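The next block holds one structure in the form of structure tokens; read it before the comments.
A, B, ... follow the sequence lines: proteins, then strands. Residue 1 opens every chain. Just so you know, these numbers come straight off a predicted model, no measurement behind them. Computation of the quantities below employed the complete heavy-atom set of this structure, encompassing side-chain atoms and omitting hydrogens, waters and symmetry-equivalent molecules.
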Number of protein chains: 2
Amino acid sequence: MDDLEPAQRSKYPRVEESTEATDQEQVRVSENLPKPPEPDVVPGNLYRTTDLASGSRKDKCIIQYKRTYKNKSKVKLIQEETPHDQGTDNLEGGPSTRLRPRKLNQPPKDPKHVTHKVVAKDELKTSGNRGKSASGIQASAGSSSKKAEAKYSCEVCMMNFGSKKELGLHEKNICSVKGCGKKFASHKYLIHHQKVHREDRPLQCTWEGCTKTFKWAWARTEHIRVHTGDRPYTCAETGCGKTFRFVSDLSRHRRKTGHSG
Amino acid sequence: MDDLEPAQRSKYPRVEESTEATDQEQVRVSENLPKPPEPDVVPGNLYRTTDLASGSRKDKCIIQYKRTYKNKSKVKLIQEETPHDQGTDNLEGGPSTRLRPRKLNQPPKDPKHVTHKVVAKDELKTSGNRGKSASGIQASAGSSSKKAEAKYSCEVCMMNFGSKKELGLHEKNICSVKGCGKKFASHKYLIHHQKVHREDRPLQCTWEGCTKTFKWAWARTEHIRVHTGDRPYTCAETGCGKTFRFVSDLSRHRRKTGHSG
DNA sequence: CTTTCTCTGTTTTGTC
DNA sequence: GGACAAAACAGAGAAA
DNA sequence: CTTTCTCTGTTTTGTC
DNA sequence: GGACAAAACAGAGAAA
Ligand SMILES: [Zn+2]
Ligand SMILES: [Zn+2]
Ligand SMILES: [Zn+2]
Ligand SMILES: [Zn+2]
Ligand SMILES: [Zn+2]
Ligand SMILES: [Zn+2]
Ligand SMILES: [Zn+2]
Ligand SMILES: [Zn+2]
Ligand SMILES: [Zn+2]
Ligand SMILES: [Zn+2]
Ligand SMILES: [Zn+2]
Ligand SMILES: [Zn+2]
Ligand SMILES: [Zn+2]
Ligand SMILES: [Zn+2]
Ligand SMILES: [Zn+2]
Ligand SMILES: [Zn+2]
């Protein structure tokens, strides 16, 4: 009843506010946590490396190198320097037209030095991989079928899709919702299945005072029996006569006992 | 504390025991429930039917007819009689070697009469469809990969399957667990995905006194922040600086606001 | 609608 | 450039 | 392990 | 024999 209490929706109690920890300090929760691998190098330092093929050793340090990604940002640049090229700042003179890498939520850690082919600066300007596309089964972008950009349409059910890949999955009876990717035996059910991705639960329990709602008619049909106490399923095995409220429980009984199979 | 109370695990209160209802009476729960369609015929009675093609009317009644199924029981026989053939009991002289239909949990309702081709009794003896197989994507039988009947093996990951169809799905990166049927972009992840079908949760929260367990390392990583209060994600947009405890919330913030996209 | 938090398929990172 | 495993991400989505 | 109950992909049923 | 929608089934699986 104290209206000065700040809104607190968390279902967990919080640890005491640490009076010492600064923003920069990493809070280590427990010694049991798997520690991140300690980077044996930091950018700008020198490192002795071994070439895996020849076995010869070299002194090197961080230098820029290319990395290919699957996403629309095709080239990642990470600062490296050769010990004999420290005067040259490889951030200047960079290609201003290159695609930027995907925005990261956390800054990348310092990479450990490994034997790697050094990429010439002019080679960095020509970043290829423009043709690469996402490799996931489920939709990665533009999965909205109600947007104005409904460019791809299924001839069978007239559903619209934002990309050719999504329509292709749909035509193979695969749900293109991100994280779903289920394949079905019929196109009709693929449409019906979409209700699992909608939030509405249009069916209601008809029992007085019960507010339960459902997406599937059968779920409601069986739920109502918890109110009535009905046990409509009886094992047909002679001498058994066990009764069940839910069809699945009779099915399991028959499967486990071999009754009236 | 009354030890005469019977064990009651239901989470719902039961309706009062009906003193009138017999075993035969169907308990009708509510008037709002969709009533089953009233059968306008009962077996043995006469019915006036209209042939859909010719429009001519005939008096008929229930007679045996064939029905094809997808499952191992290929032919279903339902009692019908012609009005001029009532003396002949079509249960006698039936083919004793025919496959029985799948055992049903509930007796079938009386079928409504429709215009249907009458099947001769001798035709009933020759029930075909021996070659039909299950059409589902997900496993229908023998999905046990730890049984002795591990006949089909994936050459890539050495997983075993009970049927050729299951192995075929697996080789197309489709999970063959019944009700799953998900298709993935890599074979490696298909193996990793199987943990969602196992009941063990091998990862534990390391916080003193917390008993939460996890299947996925990342879920534990983010969960621990509810104890520490850590909010490691900060929007990089100039002047915004909003912080988040979970990476998904920063991602959504960037998607909705366009910040540092 | 909101915020808090979990699950999981794919992408990115670290290392060789 | 490759491979691979671990970490992180980016949604979907449940709960309040 | 058990029992209770919900969700959902496929099969069966009812009807034309 | 077909088609189609509604009902039912047969698991998986969450919860206690
Ligand atoms: Zn170096
Ligand atoms: Zn379609
Ligand atoms: Zn789906
Ligand atoms: Zn339906
Ligand atoms: Zn109810
Ligand atoms: Zn029994
Ligand atoms: Zn008839
Ligand atoms: Zn395999
Ligand atoms: Zn699966
Ligand atoms: Zn993993
Ligand atoms: Zn915890
Ligand atoms: Zn922001
Ligand atoms: Zn390389
Ligand atoms: Zn919700
Ligand atoms: Zn027919
Ligand atoms: Zn459980």
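- Atom NZ of B:Lys182 and atom C1' of C:dT10 are 12 Å apart (whole Å).
- Position along DNA chain E of the nearest nucleotide to A:His223 versus B:Gly136 favours A:His223 as the more 5'-ward residue.
- We find that CG of B:Leu250 is positioned 14 Å from P of C:dT4, with the value rounded to whole Å.
- Between B:His253 atom NE2 and C:dT4 atom C1' the separation is 17 Å, expressed in whole Å.
- Put simply, the side chain of B:Arg231 gets close to the backbone of B:Thr243: a donor and an acceptor are under 3.5 Å apart.
- If you check distances only, the side chain of B:Ser248 does reach the base of D:dA12 with a donor-acceptor pair under 3.5 Å.
- Side-chain atoms of B:Arg9 come within donor-acceptor range of the base of E:dT2, with a qualifying N/O pair under 3.5 Å.
- Rounded to whole angstrom, the span from the CH2 atom of B:Trp216 across to the P atom of D:dG11 amounts to 18 Å.
- Side-chain atoms of B:Tyr233 lie closest to D:dC9 of the nucleotides D:dC9, E:dC5, F:dC9.
- Comparing D:dA14 with E:dG9, their P atoms are spaced 14 Å from each other, to the whole Å.
- C:dT4 and D:dA14 make up a base pair, with Watson-Crick or G-U wobble contacts both under 3.5 Å.
- When the nucleotides C:dG9, F:dG11, C:dT6 are ranked by their closest atom to the side chain of B:Lys178, F:dG11 comes out on top.
- For B:Arg67 and E:dG14, a side-chain-to-base donor-acceptor distance below 3.5 Å is present, hydrogens and geometry of angles not being considered.
- When the nucleotides C:dT12, D:dA10, C:dT8 are ranked by their closest atom to the side chain of A:Asn105, D:dA10 comes out on top.
- In this structure, A:Lys212 reaches the sugar-phosphate backbone alone: every heavy-atom distance under 4.0 Å involves primed, P, OP1 or OP2 atoms, never a base.
- Few gaps surround CD on A:Gln106; more than 12 heavy atoms of other groups in view lie less than 6.0 Å from it.
- For A:Arg245 against E:dT4, a side-chain-to-base donor-acceptor contact under 3.5 Å is absent.
- The side chain of B:Tyr189 has C:dT10 as its nearest neighbour among C:dC5, C:dT10, D:dA10.
- Residue contacts for B:Arg201: at a heavy-atom cut-off of 4.0 Å it reaches the sugar-phosphate backbone alone, with no base atom in range.
- Nucleotides D:dG13 and E:dT8 are separated by 10 Å at their P atoms, to the nearest Å.
- Listed for the A:Lys183 side chain is a donor-acceptor partner under 3.5 Å among the backbone atoms of A:Lys172.
- A:Ser135 comes within contact range of the sugar-phosphate backbone alone, with a heavy-atom separation under 4.0 Å but no base atom that close.
- The listed nucleotides are E:dC7, D:dG13, D:dA16; the one nearest the side chain of B:Arg252 is D:dG13.
- Listed by chain and number, the residues in a side-chain hydrogen bond (donor to acceptor under 3.5 Å, both in side chains) with B:Arg201 are B:Thr213 (sequence neighbours excluded).
- When heavy atoms are screened at a 4.0 angstrom cut-off, B:Phe246 is found touching base atoms of the nucleic acid.
- Shown here, C:dT12 forms a base pair with D:dA6; the pair counts as Watson-Crick or G-U wobble because both key distances fall under 3.5 Å.
- Across all strands, B:Lys256 comes closer than 4.0 Å only to sugar-phosphate atoms, never to a base (heavy-atom distances).
- B:Arg254 contributes no side-chain N or O that, together with a main-chain N or O of B:Cys235, makes up a donor-acceptor pair within less than 3.5 Å.
- Between B:His193 atom NE2 and D:dA5 atom P there is a gap of 18 Å when expressed in whole angstrom units.
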